[in-house]
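Worksheet: one structure, shown below.
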2 protein chains.
Amino acid sequence: MLESSKAAIDLDRAANVLKLLGDKTRLTMIKILDNHDACVCEFVEIFKTSQPAISQHVRKLKDAGLVRETRRGQWIIYSLNKDSEYFPLVKDLLLHLPNQDFRLKELEEQGLRISCE
Amino acid sequence: MLESSKAAIDLDRAANVLKLLGDKTRLTMIKILDNHDACVCEFVEIFKTSQPAISQHVRKLKDAGLVRETRRGQWIIYSLNKDSEYFPLVKDLLLHLPNQDFRLKELEEQGLRISCE
DNA sequence: TTATTATATAAGCGGATAGTTATATATCGA
DNA sequence: TCGATATATAACTATCCGCTTATATAATAA
């Protein structure tokens, strides 16, 4: 595909997005969200870290417009924001990363995923 | 292209590469190097910053294997390392960024690019 | 209403990061 | 060899970042 046929993203903002994705936890989150929506409590289990730490990560992703939140009862479900101007960039990026479905599978086996649905 | 047909990069290391590219100066450097090799002194002019600052940026890119250096007389010419395992990822990324050729053009108009060749 | 669960936010701390200045190394040209 | 140019490195500093703990908000369920 020709470069000119892509919507070029301002370098400043592209760098900011890449900085956000330049964190192992957030990058993994985005890769997971590429296949499945997820809530904070699931991420807490997956990353074995504190709930505030997770909340702060998803907030950054949300502030940048990369993810969206939808309240479902007590839970807030996060999903990739396909309308983001960065979505095409993110999508291309994710193609280079290994699938992370096994992480949610592990949760299901422990009966921890069902709790959020 | 199917995800499985791409060589997936370990998430840890991918995050590190994205962190490196999540800096405006380094991201611009890489975009420039996608079209033209360049030396430190050119980057100093382009980014209007100190020579040590530039040296430190290119060193990080070199340490990660993203760029290569070739000495040519007094100058050290930096170029994209096409053999890097991250090169396909970086290439895809760059497609989403605006062309930066105008920066080297400006140097040429000031007669500052020729000095390195 | 009260207890419980899920999430967000605020404050503070420690480590990482990007810049600075000063200095070292290396090449070139006279 | 000596001076100039190009680059690298080291030490320092200020800022940023991610985590922690403590607390607030919000929905649910008894």
Side-chain angles (χ1 to χ4, degrees), chain A residues 11-12 15-30 33 37-64 66-79 107 111-117, chain B residues 11-13 15-30 33 37-64 66-79 107 110-117:
Chain A
L11 262 167
D12 274 48
N16 282 334
V17 168
L18 295 180
K19 187 179 295 178
L20 280 180
L21 299 180
D23 174 275
K24 185 188 165 185
T25 302
R26 287 191 297 263
L27 186 60
T28 308
M29 281 178 171
I30 292 284
L33 292 178
D37 296 352
C39 67
V40 169
C41 65
E42 289 172 321
F43 284 138
V44 169
E45 287 298 325
I46 288 171
F47 295 109
K48 307 268 187 262
T49 186
S50 72
Q51 174 268 316
I54 295 296
S55 268
Q56 286 157 17
H57 280 304
V58 293
R59 188 153 75 100
K60 288 183 183 189
L61 295 175
K62 196 186 63 170
D63 287 349
L66 295 179
V67 305
R68 259 201 282 244
E69 59 179 38
T70 313
R71 182 172 280 278
R72 184 147 75 206
Q74 316 170 257
W75 298 282
I76 297 179
I77 310 295
Y78 286 90
S79 56
L107 281 198
L112 291 170
R113 180 158 165 79
I114 306 156
S115 65
C116 294
E117 298 194 349
Chain B
L11 262 167
D12 274 48
R13 286 179 300 153
N16 282 334
V17 168
L18 295 179
K19 185 179 295 176
L20 280 180
L21 299 181
D23 173 275
K24 186 187 164 186
T25 301
R26 288 190 296 262
L27 186 59
T28 308
M29 281 178 171
I30 292 284
L33 293 178
D37 295 352
C39 66
V40 169
C41 65
E42 289 172 320
F43 285 138
V44 169
E45 287 299 325
I46 288 172
F47 295 109
K48 309 267 187 262
T49 186
S50 71
Q51 174 268 315
I54 296 295
S55 268
Q56 284 157 19
H57 280 303
V58 294
R59 189 153 74 99
K60 287 185 182 187
L61 295 174
K62 196 186 65 170
D63 287 349
L66 296 179
V67 305
R68 260 200 282 241
E69 60 178 37
T70 313
R71 182 172 280 277
R72 184 149 74 209
Q74 315 170 257
W75 298 282
I76 297 179
I77 310 294
Y78 285 89
S79 56
L107 282 198
Q110 297 165 36
L112 291 170
R113 179 156 166 82
I114 305 155
S115 67
C116 294
E117 296 195 345

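Within every chain, numbering begins at 1; the chains are lettered A, B, ... in the order of the sequence lines, protein sequences first and strands thereafter. From a predicted model like this one, the values you see are computed outputs, not experimental measurements.
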Original post:
Between A:Thr49 and B:Ala53, which is nearer to the 5' end of DNA chain D once each is assigned its nearest nucleotide?
Top reply: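 Result of the comparison: B:Ala53.
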**OP:** Please tell me which of A:Asp23 and A:Arg71 maps to the more 5' nucleotide of DNA chain D, matching each residue to the nucleotide holding its nearest heavy atom.
**Re:**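 Its nucleotide being nearer the 5' end, the pick is A:Asp23.
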Rounded to whole Å, how long is the line connecting atom [atom1] of [X] with atom [atom2] of [N]?
X       : N      : atom1 : atom2 : answer
A:Ile76 : D:dT28 : CD1   : P     : 12 Å
A:Leu61 : C:dT7  : CG    : P     : 15 Å
A:Asn16 : D:dC16 : CG    : C1'   : 13 Å
B:Ile54 : D:dA8  : CD1   : P     : 11 Å
B:Gln51 : D:dT9  : CD    : P     : 11 Å
A:Glu45 : C:dT7  : CD    : P     : 11 Å
B:Arg59 : C:dG19 : CZ    : P     : 14 Å
B:Phe43 : C:dG19 : CZ    : P     : 14 Å

Original post:
Can you find a donor-acceptor N/O pair under 3.5 angstrom joining the side chain of B:Gln56 to the base of C:dT20?
Top reply: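 Indeed, a donor on one side and an acceptor on the other fall under 3.5 Å apart.
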Original post:
Donor-acceptor pair under 3.5 Å: do we get one between A:Gln74's side chain and the base of D:dT28?
Top reply: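 Per atom types, no contact qualifies.
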With respect to the phosphate group of [N], does any side-chain polar atom (N or O) of [X] fall under 4.0 Å of OP1 or OP2?
X       : N      : value
B:Arg26 : C:dA18 : yes
A:His57 : D:dC17 : no
A:Lys62 : C:dA8  : no
B:Tyr78 : D:dA8  : yes
A:Ser50 : D:dT20 : yes
A:Lys19 : C:dT17 : no

Subject >> Any B:Cys41 side-chain heavy atom under 4.5 Å of B:Trp75 side chain >> reply: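 Counting from C-beta outward, B:Cys41 and B:Trp75 do come under 4.5 Å.
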Subject >> Student check: side-chain heavy atoms of B:Phe43 and B:Met29 closer than 4.5 Å >> reply: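 B:Phe43 reaches B:Met29 side chain to side chain.
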Original post:
How far apart are the closest heavy atoms of B:Gln51 and B:Val44, and which atoms are they?
Top reply: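 Shortest heavy-atom contact: CA-CG2, 3.6 Å.
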**OP:** Identify the heavy atoms of B:Leu18 and A:Leu21 that sit nearest to each other, and give their distance.
**Re:**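 Distance-wise, the nearest heavy atoms are CD1-O, 3.8 Å.
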Original post:
Does B:Arg68 reach the main-chain N or O of B:Thr70 with its side chain, forming a donor-acceptor pair under 3.5 Å?
Top reply: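 No, because the side chain of B:Arg68 does not come within donor-acceptor range (under 3.5 Å) of the backbone of B:Thr70.
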Subject >> Whichever of B:Pro52 and B:Lys60 has its nearest DNA chain C nucleotide further upstream toward 5' >> reply: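 Looking at the nearest nucleotide for each, B:Lys60 comes out on the 5' side.
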Original post:
Which residue, A:Val40 or B:Leu20, contacts DNA chain C at a nucleotide closer to its 5' end, judged by nearest heavy atom?
Top reply: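 Here A:Val40 is the residue nearer the 5' end.
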